[in-house]
Amino acid sequence: MTVRLARWSAEHPWRAIALWVVFVAVCFVGGNAAGLNEATAADQATGEVGRSDLIVDSGGFHEPATENVLITSRSETLDQAAAKAAADDTAARLRQVDGVGSVGTPMPSRDGSALLLPITMSGDPETASDRVQPLRDATAKVQEAHPALRIEEVGGPSINKALDDTLGKDFKRAELLSLPVTLAILIIAFGALIAAGVPVLLALSSVAAAMGLSTLASHLVPANDTTASVILLIGMAVGVDYSLFYVRREREERAKGRSRLDAVEVAAETSGHAVVVSGTAVIISMAGLLLAQDAIFSSLAVGSILVVAVAVLGSLTVLPALLAKLGRWVDRPRVPLLWRLTAPRTGRHGQPARPRFWPAVLKPALRAPRATLIVSVGLLLALAAPALGMQLKFPGMEDVPRSTPAMQAYDRLTAAFPSNGTSHTVAVRAPAEQADRVHAALTDLAGRAAADPLFAPAEGDGPKIKVSADRRVSVLEVATPYGSRTDEATRSLHELREDLVPRL
């Protein structure tokens with residue numbers, strides 16, 4: 001099959017290229033027209049946390065985005081009068097900022113070391129991190145007006161913005177660097193620009209087609225916000241890899257004196273077969289993610305499967321057509337030094353001569369195989385050593401460097417107001433006539449938790465229990481003074497689940 005496909009494409013290159021362009025365009029345009037169906041909270045609801053989220057969502061609570069302005073002293077003691085004046089100045093400025101819904105009443109900490117000004121943002125909470133900068137700018141102006149105090153803005157939108165700036169930039173950097181780095185490696189491998197560009201072209205077109213197909217597939221398996229990045233990185237990897245096999249073998253066969261069609265046919269019979277086997281193995285392995293029955297894993301699996309399948313299809317169809325059409329032009333323009341080191345050459349009597357670079361690399365290994373094995377294994381283990389400390393987890397605020405202003409402010413906030421840090425959600429769904437009984441039980445639970453050092457007492461007037469309009473859903477936030485991924489926070493969660501909640 002691979003040989004027949006390659007032969008037809010090589011004999012009808014313009015048809016094969018046109019069909020591939022149409023295929024990519026239809027996939028991309030069709031996907032954009034259909035729109036992306038993103039995974040909702042219900043799609044990602046797994047385990048007890050997922051059930052709790054669904055209960056909270058069913059309550060129809062209006063949860064606006066909130067920020068806080070934290071006022072602390074740069075010295076030992078906070079001047080309460082100066083802090084109150086700064087809080088009033090902050091409130092006056094923020095009320096004039098577009099995107100601020102309301103400004104609350106300043107609240108002192110239990111030890112008097114800080115003053116907290118709560119802010120409620122207007123608009124869609126999902127986009128609050130994109131709209132929080134004007135609030136931060138206003139707070140910065142207050143800081144300039146009151147240099148003796150430390151005035152900082154901290155809250156979910158600010159921390160999410162810091163997280164996006166940190167992790168989002170890493171993803172974007174990887175995406176931006178993948179293309180030039182890949183192209184540079186291929187130029188070194190082939191010593192010719194067109195030969196290096198053909199695999200990149202196939203990889204990019206495969207990614208574009210897979211993006212469109214994954215958008216269509218999202219209406220069956222909802223997508224998440226990392227699917228596009230995974231498609232790009234995996235698509236570039238397999239698209240280039242599969243093309244590399246094919247182009248390399250086709251050039252070697254031409255160096256032996258075969259015609260363009262025969263060289264393409266031999267490449268299809270060998271490298272093309274390897275591409276199909278490799279692609280099939282990758283698709284089967286990625287399909288294993290579907291067994292997890294998790295929306296995130298399923299979305300990643302579908303995106304990966306689609307881009308690998310498209311890359312395999314492209315390497316069997318349009319790639320032979322390009323190679324047949326380009327012929328010896330695939331080796332143009334040449335990079336002089338790299339070309340002499342890496343390109344297959346024709347030696348005496350028309351016999352192929354080996355390139356100079358790889359024999360020079362392999363010669364020491366062939367002379368001392370045991371030493372080469374020991375050294376190479378040692379190098380691989382050294383490169384793999386950082387993986388020993390790898391932790392697989394979802395990104396969170398703990399991944400934002402503590403050196404960033406947002407996290408420094410957050411640490412000071414949780415130190416002065418522990419209940420504003422990590423919290424556990426207790427959600428109860430019950431008949432409306434039992435709402436008072438549920439409220440009393442949750443109040444008792446909050447009281448028992450406040451007496452436990454693993455939990456933080458509620459600030460202000462005591463525990464705040466939210467009740468839905470139909471009185472069927474009640475929600476209590478139980479705070480802990482420890483970071484969300486610390487051992488103490490984990491113990492508090494287990495105690496809440498295994499002791500406090502069962503006693504309701």
Side-chain angles (χ1 to χ4, degrees), residues 1-30 186 189-210 212-213 235-236 238-280 282-283 306-334 339 342-346 350-352:
M1 178 62 72
T2 59
V3 174
R4 289 197 296 270
L5 281 174
R7 189 79 185 187
W8 183 89
S9 297
E11 292 175 346
H12 307 87
W14 288 120
R15 292 184 188 178
I17 294 172
L19 288 173
W20 178 255
V21 172
V22 170
F23 168 73
V24 173
V26 168
C27 291
F28 190 75
V29 174
L186 290 173
F190 287 120
L193 297 183
I194 293 180
V198 167
V200 173
L201 181 63
L202 176 64
L204 289 175
S205 61
S206 299
V207 168
L213 291 174
M236 289 299 298
V238 298
V240 168
D241 202 21
Y242 296 162
S243 302
L244 185 67
F245 297 157
Y246 216 112
V247 175
R248 190 80 184 181
R249 186 54 186 267
E250 189 269 347
R251 294 170 79 221
E252 290 175 353
E253 295 302 322
R254 277 195 294 104
K256 295 178 181 179
R258 295 184 185 274
S259 66
R260 285 184 293 177
L261 292 179
D262 290 340
V264 167
E265 188 171 328
V266 173
E269 188 175 3
T270 53
S271 297
H273 180 73
V275 165
V276 172
V277 173
S278 173
T280 303
V282 173
I283 289 172
L306 288 173
V307 75
V308 171
V310 172
V312 171
L313 179 63
S315 67
L316 297 180
T317 55
V318 71
L319 184 56
L322 286 173
L323 295 177
K325 196 64 183 175
L326 289 171
R328 295 191 177 277
W329 278 97
V330 76
D331 296 328
R332 302 288 192 277
R334 299 170 178 175
W339 174 260
T342 62
R345 299 176 295 113
T346 302
Q351 296 298 319

- Nearest-0.5 Å distance that lies between atom CG in L202 and atom CG in L244: 12.0 Å
- Would you sort out whether V264 and R7 count as a side-chain contact (heavy atoms from CB on, under 4.5 Å), showing the intermediate values? CA-CA 7 Å; V264 167; R7 189 79 185 187; over 6 Å; no
- Query: More than 12 non-hydrogen atoms from neighbouring residues, nucleotides or ligands closer than 6.0 Å to CD on E269, yes or no?
  - Reply: no
- Item | Y242: which of V308, L316, V276 passes side-chain contact (heavy atoms from CB on, under 4.5 Å) | V308
- Message: Working note: V318 + L19, criterion side-chain contact (heavy atoms from CB on, under 4.5 Å); need CA distance, chi angles, decisive distance, verdict.
- Response: CA-CA 8 Å; V318 71; L19 288 173; over 6 Å; no
- Query: For the atom pair CG (L319) and CD1 (I17), what is the distance rounded to the nearest 0.5 Å?
  - Reply: 10.5 Å
- Looking only at atom types and distance, does a side-chain atom of S9 sit under 3.5 Å from a main-chain N or O of T317, one as donor and one as acceptor? yes
- Which atom pair, heavy atoms only, marks the closest approach of R249 to S271? CB-OG, 3.3 Å
- Spell out, as yes or no, whether a donor-acceptor pair under 3.5 Å connects the side chain of S243 to the backbone of V240. no
- Smallest heavy-atom separation, K325 atom then P13 atom, equals CD-CG, 4.0 Å
- Note on the structure: Here the pair of heavy atoms bringing A209 nearest to V310 is CB-CG1, 3.9 Å
- Task: Could you tell me the separation between the CD1 atom of I194 and the CG atom of L201, rounded to the nearest 0.5 Å?
- Result: 11.5 Å
- Message: Determine whether a donor-acceptor pair (N or O, by modelled atom type, separation under 3.5 Å) exists between the side chain of T270 and the backbone of V266.
- Response: yes
- Measure the OG-CH2 distance between S206 and W20 for me, rounded to the nearest 0.5 Å. 4.5 Å
- Query: What heavy-atom pair brings A203 and G235 nearest, and what distance separates the two atoms?
  - Reply: CB-O, 3.9 Å
